[in-house]
Amino acid sequence: MGAMRADRLLSLLLLLQNRGRMTAPELAEELEVSVRTVYRDIDALGASGIPVYADRGPAGGYRLLDGYRTRLTGLTGDEADSLFLAGMPGPATELGLGADLATAQLKLRAALPAELGERSRRIQERFHLDAPGWFRDAEEVPHLGAVAEAVWRPRALRVDYRRWRGEVRRKVHPLGLVLKGGIWYLVARAEGAESAESTESGAESVRTYRVSRILDAEVLEETFERPTGFDLAAHWAESSRRLEEMRFQGEAELLLTPRGLRLLPMKFGAAGEAAVAAAGPPDADGRARVVLPVESLPVATHDVLWLGAEADVLGPPELREAVARTITELAQRYAPSG
């Protein structure tokens, strides 16, 4: 019996054990095979001594003999690894672990006592994590599989990478993958790399690469030692904090309408929430003064214009002038001709 069919038969057996009675079309949909294949697999299970029974009638289907439970629920290494992505079926599939995750969940549920198995089923039915943000197409990451392989084995990786200053070829030691807001990032160590966002360690540095910008990736046979004490989560938190500090270059003083105050957290996240929390008392028109951290002058101008008539720029003068200049240009562009 081929390994693929053996895995499918085990999955069929675990489905019947976990869910009770299931029809052939339901099993076919779960296993992604034809109904005819399900019939053959049911016959194979019966021939091997598994007590599978067919219930006739409109509410019929296949079920196991009451009280029968398989003990073939041990997890393979890949299945155990995939459980750490149990709440993220999409990312698990992108990493090539989708089938391992599905089988691991079946095995785990089969090994649980009945009440815990039912509890896990209810949780999976009623809670779902959708990591990507709204209104944004998923990025193409054709080399994610190669990157994940290099991270796991571990092996050095040679990549062609697109930066804003042009393309570069670099050999890196991949330390981990991070999924942030639906975007995959590779955290890796590269010799001789210089970056304000890197953590220097002698001639080497730890940098962050956006996986969608990897133009080509080759997994090498060269192995490497991970930095002693390196913690991926801690590194990501620290690099994110430093990036936030670098991001804001000044402050804007705004006078916001009540609607503008409600819009601020939607546009600026935590920074907007903090600005609203520290807002001054409203004036007679209900407008309140807030101080908001801003990026460069062009970015700040764009952000303030997004608020439209809900915001008056009180300062700094250069931001107020840039907003006024942009509004004047737009008014002239859209002025009626003749």
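Since this is a predicted model, take the numbers as computed values, not measurements.
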**Request:** Let me see the working for R242 and E238 under salt bridge (charged side-chain N to carboxylate O under 4.0 Å, His left out), right down to the final yes or no.
**Result:** CA-CA 6 Å; R242 286 189 281 109; E238 174 61 20; 3.7 Å; yes
**Item:** Pair F224-E222, side chain to side chain contact (heavy atoms under 4.5 Å, CB included): steps then yes or no
**Value:** CA-CA 7 Å; F224 62 91; E222 175 187 338; 5.6 Å; no
**side chain to side chain contact (heavy atoms under 4.5 Å, CB included) between L307 and L264, worked out** = CA-CA 8 Å; L307 291 167; L264 211 62; 4.0 Å; yes
**Working for side chain to side chain contact (heavy atoms under 4.5 Å, CB included), residues L220 and L157** = CA-CA 6 Å; L220 307 177; L157 190 68; over 6 Å; no
**Message:** Could you walk me through whether H235 and F230 satisfy the side chain to side chain contact (heavy atoms under 4.5 Å, CB included) test, starting with their C-alpha distance in whole Å, then the side-chain angles of each, then the deciding distance to 0.1 Å, before giving a yes or no?
**Reply:** CA-CA 8 Å; H235 167 80; F230 178 78; 3.7 Å; yes
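Relative ring orientation between Y209 and Y161 is described as perpendicular, the plane-to-plane angle rising above 60° on a 0-90° scale split at 30° and 60°.
Between A252 and L319, the shortest heavy-atom distance links the atoms CB-CD2, 3.5 Å. Taking each heavy atom of A146 and V219 in turn, the nearest pair found is O-CG2, 3.4 Å. When all heavy atoms are compared, the tightest approach of R207 to S205 is CG-OG, 3.7 Å. Nearest heavy-atom pair, I214 versus A217, reported as atom, atom and distance to 0.1 Å: CG2-CB, 4.1 Å. Nearest heavy-atom pair across G176 and L232 is CA-CD2, 3.9 Å. Closest heavy-atom contact between P174 and L186: CB-CD1, 3.7 Å.
In E329, the CD atom is crowded: over 12 heavy atoms of neighbouring residues, nucleotides or ligands sit closer than 6.0 Å. Residue-environment remark: CZ (R241) exceeds the threshold of 12 foreign heavy atoms within 6.0 Å.
A distance of 12.0 Å separates OG1 in T208 from NZ in K180, rounded to the nearest 0.5 Å. Within the model, atoms CD of E318 and OG1 of T301 stand 9.5 Å from one another, a figure rounded to the nearest 0.5 Å. With rounding to the nearest 0.5 Å, the separation of CG in L16 from CG in L27 is 5.5 Å. Of the inter-residue distances, the one linking H302 atom NE2 with S296 atom OG reads 11.5 Å to the nearest 0.5 angstrom.
Here the side chains of V187 and L177 are not in contact, with every heavy-atom distance at 4.5 Å or above. For the pair R155/E149, no side-chain contact is recorded, criterion being any heavy-atom separation below 4.5 Å from C-beta on. The side-chain heavy atoms of E30 and M22, taken from C-beta on, include a pair separated by under 4.5 Å. Using a 4.5 Å heavy-atom threshold, the side chains of R210 and W184 count as separate. Counting heavy atoms from C-beta on, the side chains of L64 and Y53 never come closer than 4.5 Å. By the 4.5 Å heavy-atom criterion applied to side chains, E167 and L215 are counted as neighbours. Residues L292 and L254 have side chains in contact (heavy-atom distance under 4.5 Å, counting atoms from C-beta outward). V206 places a side-chain heavy atom less than 4.5 Å from the side chain of L175.
In terms of modelled atom types and a separation under 3.5 Å, the side chain of T37 and the main chain of V33 share no donor-acceptor contact. Not one N or O on the side chain of D285 forms a donor-acceptor pair closer than 3.5 Å with the backbone of R287. A donor-acceptor pair under 3.5 Å is formed between the side chain of E26 and the backbone N or O of T23.
With sequence neighbours left out, the side-chain hydrogen bond (donor to acceptor under 3.5 Å, both in side chains) criterion links E218 to R158. By the side-chain contact (heavy atoms from CB on, under 4.5 Å) test, D216 is found to be paired with H143, D160, residues two or more places apart in sequence or in another chain being considered. With sequence neighbours left out, R320 forms a salt bridge (charged side-chain N to carboxylate O under 4.0 Å, His left out) with no residue at all. Under the side-chain contact (heavy atoms from CB on, under 4.5 Å) criterion, P282 pairs with no residue, sequence neighbours left out. Partners of P142 under the side-chain contact (heavy atoms from CB on, under 4.5 Å) rule, at least two apart in sequence or in another chain, are E140. Considering only residues two or more places apart in sequence or on other chains, E29 meets the side-chain hydrogen bond (donor to acceptor under 3.5 Å, both in side chains) condition with none of them.
Taken together through direct or relayed side-chain contacts under 4.5 Å among Ile, Leu, Val, Met, Phe, Trp and Tyr, I183 and W236 form part of one hydrophobic cluster. Hydrophobic clustering (ILVMFWY, side-chain heavy atoms < 4.5 Å, transitive): Y39 and V52 are in one cluster. Hydrophobic clustering of Ile, Leu, Val, Met, Phe, Trp and Tyr side chains at less than 4.5 Å, counting indirect connections, keeps L263 apart from L255. Connection of L305 to M266 is established within a shared hydrophobic cluster, with ILVMFWY side chains joined at heavy-atom distances below 4.5 Å, either directly or through further cluster members.
When each of K267, R259, R262 is checked for a salt bridge (Lys or Arg N to Asp or Glu O under 4.0 Å) with E310, only R259 meets the rule.
Salt bridge annotation for E253-R289: present, with a cationic side-chain nitrogen under 4.0 angstrom from a carboxylate oxygen.
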